[in-house]
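This structure is a prediction, so every number in the text was calculated from the model and none was measured. Numbering of ligands and ligand atoms starts at 1, following listing order. Atoms considered below: every heavy atom in the structure, side chains included; atoms not considered: hydrogens, waters and symmetry mates.
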Amino acid sequence: MSRTVITFGTFDVFHVGHLRVIERAAELGDRLVVGVSADELNLRKKGREPVFSQAERLAIVAALKPVDAVFVEESLELKRHYITEHAADVLVMGDDWAGRFDEFEDICEVVYLPRTPAISTTALIEKISASA
Ligand code: C2G
């Protein structure tokens, strides 16, 4: 039986922390599906648009070797629907989300992976702005 893993993220200003979580997620199964958050969702959630557009972020994530399929995550409230729709056996998130998705343990395994230390999109934007 093939095992499908699903993960979600914005993946804005794509960096090695994003790559590592995707690589480790892929190792937990045979097929990796990634939900990339919509621009509109980011605007609602973080109060700003991502640096890279939804189409650009989707294209970057879709091109990664460990990724088998991508889709747009339109709402945080649709997780159960996305897990079912993609027949995911495992939901993987970084541990900044630890405990937040335990409610889905009735339909799949839920795994939180340690974040890669010392790198974030916010820190990168600040670093780039400071050196401009
Ligand atoms: N990540 C990581 N190490 C970092 C930075 C990020 O492991 N140094 C992981 C996060 O834990 C997450 C993934 O990379 O699992 C994507 O991170 P973000 O783009 O910040 O995603 P976020 O905005 O938290 O969106 O439905 C959930 C949301 O779509 C998640």
task: May I ask you to list the atoms of ligand 1 that are less than 4.0 angstrom from any heavy atom of G94?
output: 11 (O), 15 (O)
task: For ligand 1, find out whether one of its N or O atoms is nearer than 3.5 Å to an N or O atom of D12.
output: no
query: Is M93 in polar range of ligand 1, meaning some N or O pair under 3.5 Å apart?
result: no
query: Using the ring of each side chain (for Trp, its six-membered ring), is F14 parallel, tilted or perpendicular to H18, with breaks at 30° and 60°?
result: tilted
field: Non-hydrogen side-chain atoms of T121 and T10 separated by less than 4.5 Å
entry: no
Ligand 1 atoms in contact with G9 (distance to a heavy atom under 4.0 Å): 16 (C), 21 (O), 25 (O), 29 (O), 30 (C)
message: Ignoring hydrogens and geometry beyond distance, is a side-chain donor-acceptor pair present between N42 and S37 at under 3.5 Å?
response: yes
query: Which residue supplies the protein heavy atom nearest to atom 27 (C) of ligand 1, what is that atom called, and how far is it?
result: K79 NZ, 3.6 Å
query: Is L28 linked to V21 within one hydrophobic cluster, defined over Ile, Leu, Val, Met, Phe, Trp and Tyr using a side-chain heavy-atom separation of less than 4.5 Å?
result: yes
- prompt: Starting from atom 16 (C) of ligand 1, which protein heavy atom do you reach first, and at what distance in Å?
  reply: F11 CE2, 3.6 Å
query: Would R80 and E85 pass as an ion pair if we require N to O under 4.0 Å?
result: no
message: Below 4.0 Å, non-hydrogen atoms only: which portion of V21 touches ligand 1? Side chain, backbone, both or neither.
response: side chain
query: Shared ILVMFWY cluster between W97 and V5, side chains joined below 4.5 angstrom?
result: no
task: State the atoms of ligand 1, each with its element, that fall below the 4.0 Å cut-off from a heavy-atom position in K46.
output: 23 (O)
- prompt: Salt bridge or not for D96 and R115, using N-O below 4.0 Å?
  reply: yes
task: Scan L32, I83, V92 and name whichever one has a side chain to side chain contact (heavy atoms under 4.5 Å, CB included) with I6.
output: I83
field: Contact check: F101 vs ligand 1, nitrogen or oxygen atoms, below 3.5 angstrom
entry: no
- request: Starting from atom 3 (N) of ligand 1, find the nearest protein heavy-atom neighbour and note its residue, name and distance.
  value: T116 N, 3.1 Å
- prompt: So, are K79 and E73 salt-bridged, with charged N and O less than 4.0 Å apart?
  reply: yes
message: What protein heavy atom lies closest to atom 6 (C) of ligand 1? Include the residue and the distance to one decimal.
response: R115 NH1, 3.5 Å
Any N or O of T10 closer than 3.5 Å to N or O of ligand 1: yes
field: M93 vs L113 side-chain heavy atoms within contact, under 4.5 Å
entry: no
query: Can a salt bridge be assigned to the pair E23 and R20 using a cut-off of 4.0 Å between side-chain N and carboxylate O?
result: yes
Heteroatom proximity flag, S37 to ligand 1, N/O under 3.5 Å: no
- prompt: Are the side chain of D68 and the backbone N or O of V33 linked by a donor-acceptor pair below 3.5 Å?
  reply: no
- prompt: Is S120 in polar range of ligand 1, meaning some N or O pair under 3.5 Å apart?
  reply: no
task: Return a yes/no value for W97: is any of its N or O atoms, backbone included, closer than 3.5 angstrom to an N or O of ligand 1?
output: yes
- request: List every atom of ligand 1 that sits less than 4.0 Å from any heavy atom of L76, numbering the atoms from 1 in the order shown and giving each element.
  value: 26 (O), 27 (C)
Ligand 1 contact by R20, heavy-atom criterion under 4.0 angstrom: no
- prompt: Hey, is T121 touching ligand 1 through its side chain, its backbone, both or neither, going by heavy atoms under 4.0 Å?
  reply: neither
- line: Checking heavy atoms under 4.0 Å, the part of E73 that sits near ligand 1 is side chain
- request: With heavy atoms of I119 as the reference, note each atom of ligand 1 found under 4.0 Å away.
  value: 4 (C), 5 (C), 8 (N)
message: Please determine whether residues L78 and F101 belong to a single hydrophobic cluster, defined as Ile, Leu, Val, Met, Phe, Trp and Tyr linked transitively by side-chain heavy-atom distances below 4.5 Å.
response: yes
- request: Could you see which bit of D96 sits under 4.0 Å from ligand 1, with heavy atoms only: side chain, backbone, both or neither?
  value: side chain
